[in-house]
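Reading through the structure tokens given below for one structure.
Quantities reported herein were computed from a predicted structural model and do not represent experimental measurements. All residue numbers refer to positions in the sequence shown, counting from 1. In each ligand, atom 1 is the first atom listed, and ligand 1 is the first ligand listed.
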Amino acid sequence: MTDRYAVIGNPISHSKSPLIHRLFAEQTGQDISYEAIEAPLDGFGATIERLRAEGYKGCNVTVPFKLEAWKLANEHSSRSIDAEATNTLSFKDEKVYADNTDGAGLVRDIEINQRFKLNGKRILLIGAGGAAQGVLHPLLEASQAPLAIYNRTLEKAIKLQKTVTEHANFRHFSVKAAEFGALRNEQFDIVINATSTGLTGGDIPLPDSIFAPDALAYDMMYGRETPFMAFAREHGAQVADGLGMLVEQAAEAFFIWRGVRPDTRAVLNTLRP
Ligand code: ATR
């Protein structure tokens, strides 16, 4: 019998996840179905209950339900605890297991698809919302180097910084919440835009000198050139959007559910025009 999965969000019609998982299933010979489901903003819990009652094996969760899904789960992976959010739920033995594959997806995209080794690299993470929190700890594990968080609202960057400095496994990392003035005197090997400005169209003020030689500028958004990507191109950085992260986080979820790791390169080649 075909095992059923879905992605739940609101809105969800734009999601590429059903196509990505269909390509994974074809490639690996797994007998699964995967659909996009829009839950009402006040109906996420009821949607999960319905899926479980109908025998679904799991689901991905996207904006704006990642925190609510995390709270609803009975068991949590350590990476979902660090992120305080989940994008991957598994339904097994009357329980709901929460994991988070966003950080692993970003790290794999940077290191494998972009061929940019993170170890020892100085990272600037822009943003301090859910998207930034979801990738912060995996980035530190991969870089093992100092990291700065820069956010329009400094207090939120400080709050995010504390999730690292107060964490038993991470407190040895040097993480700071940077103000714009402090950035003028620093250069970074990788600058990651985890703000929602790619969607809202806002601009992020950055010093012209922010990119170290051969730096990578990574925007977690995909689908169009953002002002951040244009700025980075003008200043000589290598530029990547978030499509690879989307495919890699999906592959990690597929692996959790099916125990098989798809070839993401082939799927990325299909998706990129
Ligand atoms: P997400 O879960 O996608 O991270 P979020 O929690 O609402 O969404 O966080 C949005 C992030 O984008 C925040 O870091 C926000 O900055 P503030 O904390 O100052 O609100 C950032 N952001 C949104 N619009 C922005 C803009 N026009 N300029 C700069 N930063 C912006």
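Stacking of R261 on the aromatic ring of F255 is recorded, both the 6.0 Å distance cut-off and the 45° axial limit being met. In this structure, K92 forms a cation-pi arrangement with Y97, its terminal cationic atom sitting closer than 6.0 Å to the ring centre and no more than 45° off the ring axis.
I192 belongs to a hydrophobic cluster with L106, V107, I110, F116, L118, I123, L125, V135, L136, L139, L140, L147, I149, L160, V164, F170, F173, V175, I190, L216, Y218, M220, M245, counting contacts under 4.5 Å between side-chain heavy atoms of Ile, Leu, Val, Met, Phe, Trp and Tyr, direct or through other members.
S80 and N100 are not linked by any side-chain donor-acceptor pair at a separation below 3.5 angstrom, with hydrogens and angles left out of the test. Side-chain atoms of N60 and N87 form no donor-acceptor pair, as typed in the model, at a separation below 3.5 Å.
Listed by chain and number, G127, A128, G129, G130, A131, N151, R152, T153, K156, T195, S196, T197, G202, D203 each place a non-hydrogen atom less than 4.0 angstrom from ligand 1.
Note that the CG atom of L206 and the CG atom of L124 stand 7.0 Å from one another [nearest 0.5 Å].
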